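Numbering of residues begins at 1 and proceeds along the displayed sequence. Computed from a prediction, not measured in an experiment: that's the story for all the values here.
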Amino acid sequence: MWATYQTDPGATWLVKPTDDDAGADVYVLRPGCTNNRVLLQSMTGNAATTQLLTKGGLAGFRNRYCALQEYVPHTEEKRVIIAAGRPVAQQAHHLAPDEHRGNATHRARCTDTTLTEAEHELCLRVGARLMDHGIRFAGLDVAHPYVFEFNVVNPGGLDERLALGLPNRAPEILESLLADTVAGR
């Protein structure tokens, strides 16, 4: 991870766990910050430090997985629900002024929205790739032209819509998934 980070140490990066949600442990790594290396070590389970301290002894499996990606400053992102390869619901997340995370947990304000034609096309392309891997239901976090992540275990967004009084899209999503299943895809 450190070697990848060092390919462009002048860039601003974002590191986050691949097995967590709601914006937990999402960090911005700014150029020259002395915390960057320790954050990357921590995010990957401090395996090298554990190996050194235990002299190679048994300390259990401690590796963790995380994603390192370019940080893209933005003030709004869209959570798009993909069902059977197609976007079927979306809401805008307006980030709090002092936040880099677009989760309602971290004070993002959520509103109903539509996709632009370019966003719709991007979601269709990603949806087709997800279908190629057998993923028929997912949530994408998009700030066109970027897809920040796709959530396959906990796509989120549907319960959030109901809590905010936004239109319930669950029936259309179920219809898309059922139609896809009946068609044998």
Same hydrophobic cluster for Met1 and Tyr65, using side-chain heavy-atom links shorter than 4.5 Å among ILVMFWY? no

Separation of Phe148 CZ from Glu70 CD (nearest 0.5 Å): 9.5 Å

Heavy-atom side-chain proximity of Ile81 to Phe137 below 4.5 angstrom: yes

Verdict with reasoning, Asn168 to Leu162, per side-chain contact (heavy atoms from CB on, under 4.5 Å): CA-CA 6 Å; Asn168 181 3; Leu162 295 176; 3.6 Å; yes

Test His74 against Tyr146 for ring-ring contact (aromatic ring centres under 6.0 Å, His included), laying out the working first. CA-CA 10 Å; His74 62 291; Tyr146 301 98; 8.8 Å; no

Please list, one pair per line, the donor and acceptor atoms closer than 3.5 Å that link side chains of residues 117-133 to other protein atoms, with sequence neighbours excluded.
from   : atom 1 : to     : atom 2 : distance (Å)
Glu119 : OE1    : Lys78  : NZ     : 2.8
Glu119 : OE1    : Thr116 : N      : 2.8
Glu119 : OE1    : Thr116 : OG1    : 3.4
Glu119 : OE2    : Lys78  : NZ     : 3.4

Side-chain contact test, heavy atoms from C-beta onward, threshold under 4.5 Å: evaluate it for Val80 versus Ile82 and give yes or no. yes

Spacing of Cys66 atom SG and Asp25 atom CG [to the nearest 0.5 Å]: 10.0 Å

Student check: side-chain heavy atoms of Thr12 and Leu29 closer than 4.5 Å: no

Side-chain contact test, heavy atoms from C-beta onward, threshold under 4.5 Å: evaluate it for Leu115 versus Pro87 and give yes or no. yes

What heavy-atom pair brings Lys16 and Met43 nearest, and what distance separates the two atoms? C-CE, 3.6 Å

With a 4.5 Å cut-off on side-chain heavy-atom distances among I, L, V, M, F, W and Y, is there a chain of contacts connecting Leu68 to Val147? no

Output the distance between atom CZ (Arg79) and atom CG (Leu140), rounded to the nearest 0.5 Å. 8.0 Å

hydrophobic_cluster_shared for Val15 and Trp2, side chain cutoff 4.5 Å: yes

Between His94 and Glu76, does any side-chain donor sit less than 3.5 Å from a side-chain acceptor? yes

Glu175 side chain reached by Leu178 side chain, heavy atoms, under 4.5 Å: no

Give, for atom CG of Leu39 and atom OH of Tyr5, the distance between the pair rounded to the nearest 0.5 Å. 10.0 Å

Is it true that the NZ or CZ of Arg30 lies under 6.0 Å from the centre of Tyr71's six-membered ring and within 45 degrees of the ring axis? yes

Value rounded to 0.5 Å, distance of CD in Glu77 from CD in Glu149: 7.5 Å

Roughly how far, to the nearest 0.5 Å, is the CD atom of Gln6 from the CZ atom of Arg37? 6.5 Å

Taking the side chain from Thr44 and the backbone from Leu40, do they hold a donor-acceptor pair closer than 3.5 Å? yes

